[in-house]
J.: 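I have a structure I would like to understand better, so I am pasting it below and will then ask my questions one at a time.
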Amino acid sequence: MSVDGWMTGTKTPFEKGGRPRQWAGGFAAFAIAMTGIAAHAQPSDPRKSGTEYLSPATRALQSNDAENPAMLWVKAGEALFNEKPGADRKSCADCHTATVRPLKGIAAGYPRFSIAANRPLNLSMQINLCRQQHQKAATLQHESRELVSLETYVAHQSRGQPIAPWRDARMSQAFINGERHFKTRIGALDLSCADCHDRQAGKQLAGNVIPQAHPTAYPLYRLEWQGVGTLSRRIRNCMSGVRAEPFAHASAEMIELETYLASRAAGMTLETPGVRP
Amino acid sequence: MAAAIISLPAAIRRGDIVTVRALIQHPMETGYRRDAGGILLPRDLIRRFTCHVIEGDARMLAFSAELHAAIAANPLIAFSLKADRDCVLEFQWSGDNGFVHRESRSVRFLA
């Protein structure tokens, strides 16, 4: 295993090249490398949240809960969290209390491997799985107002927590595939995620700054959408922007890409709900 | 069911000029847009926002605004009031398709 070359050759495990070939053992090395990075990265972390690129006006909107329009989704999500929708007459709050299965920090660990589903899930999918398994309720449509509100409420409970991807061997294949998606050129414009978000980050695109693509504030309010959307919606937006066929919501590819993005942003602070142009 | 968030300063002294912020979830559909199939989306706007000061039996209009198609979805309305009396502030948004949403907050002063 070429772990030594990998660790000395690159500053972060996510830059191009130098990734160990055998990831079964590699994920442990990845975890060790991450702690190493966390130790030295605090003052000079080159990673920036999209918040740092915002105009002062948009930033003010995000930082004031009385003005942040996404707080309307948090409020609606809180109401849904306490509703009893299914045949079992159980609300989310019946299982998740302040002390039992508390929500704090939960959202910072997604996507994660689900034993019940036998695959990695993002938070939207986990909420739907909970509805099916524990509430005997109908699943909600992806990007529906109800599901986005619930996810925004749940993610808001982790505001201020560091993004902490699950270091689970069963996630390593998703990570590898996600990295490949990130670096593969797609669409009529023949661009990869990395072409913009690694190589051109900080520069302008159509009046806005290209961010480094760290999912630190999802679900977030986009002024363009005039509403709140999830990371999946944002990724699909980018993919149609380069004239590619977007990954479907909840598809394996989508979760793999989200897994890679979460690992890339490990240790950064979750800011949900964000506001973006 | 619309969600609305009203915010007032946490601590108000008598005579303070306070900023009131009222945020509501609403699509503010202009009536000029078409959907993916080319069908005109019907207009759905909040047309009027009011804030009344309720003091005992007296009800006085303190602030009102007419809203039009150019106002963003989920409109945020902020305005200032001079807090010179104990009262209840009553907020109402009304608009197309019989939309009405009411909220009220009491103004209490520091001792």
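Every chain is numbered from 1 and lettered A, B, ... according to where its sequence line falls, protein lines coming before strand lines. Everything quoted here is computed from the prediction, not taken from an experiment.
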J.: Does a sphere of radius 6.0 Å around CZ in B:R47 hold more than 12 heavy atoms from other residues, nucleotides or ligands, not counting ones at 6.0 Å or beyond?
T.: yes
J.: Just checking A:E52: does its CD atom have more than 12 heavy atoms from other residues, nucleotides or ligands closer to it than 6.0 angstrom?
T.: yes
J.: Whether the side chain of A:K75 engages the backbone of B:I5 through a donor-acceptor N/O pair (distance < 3.5 Å, no angle test) should be reported.
T.: no
J.: Just wondering, are more than 12 heavy atoms of other shown residues or ligands nearer than 6.0 Å to NZ in A:K136?
T.: yes
J.: Are there over 12 heavy-atom neighbours, none belonging to B:R48, within less than 6.0 Å of that residue's CZ?
T.: yes
J.: Around atom CD of A:E245, are there more than 12 heavy atoms from other residues, nucleotides or ligands closer than 6.0 Å?
T.: no
J.: Check each atom of B:I24 against the heavy atoms of chain A and say whether the ones under 4.5 Å are side chain, backbone, both or neither.
T.: backbone
J.: Under the side-chain contact (heavy atoms from CB on, under 4.5 Å) criterion, do B:E29 and A:Q226 qualify, and how do the steps go?
T.: CA-CA 11 Å; B:E29 190 57 58; A:Q226 305 236 320; over 6 Å; no
J.: Under 4.5 Å heavy-atom distance to chain A, tell me which part of B:A22 shows up: side chain, backbone, both or neither.
T.: neither
J.: Nearest 0.5 Å, what's the OG-CG distance between B:S7 and A:D65?
T.: 9.5 Å
J.: Heavy-atom distance under 4.5 Å between the side chains of A:R145 and B:Q25, does that happen here?
T.: yes
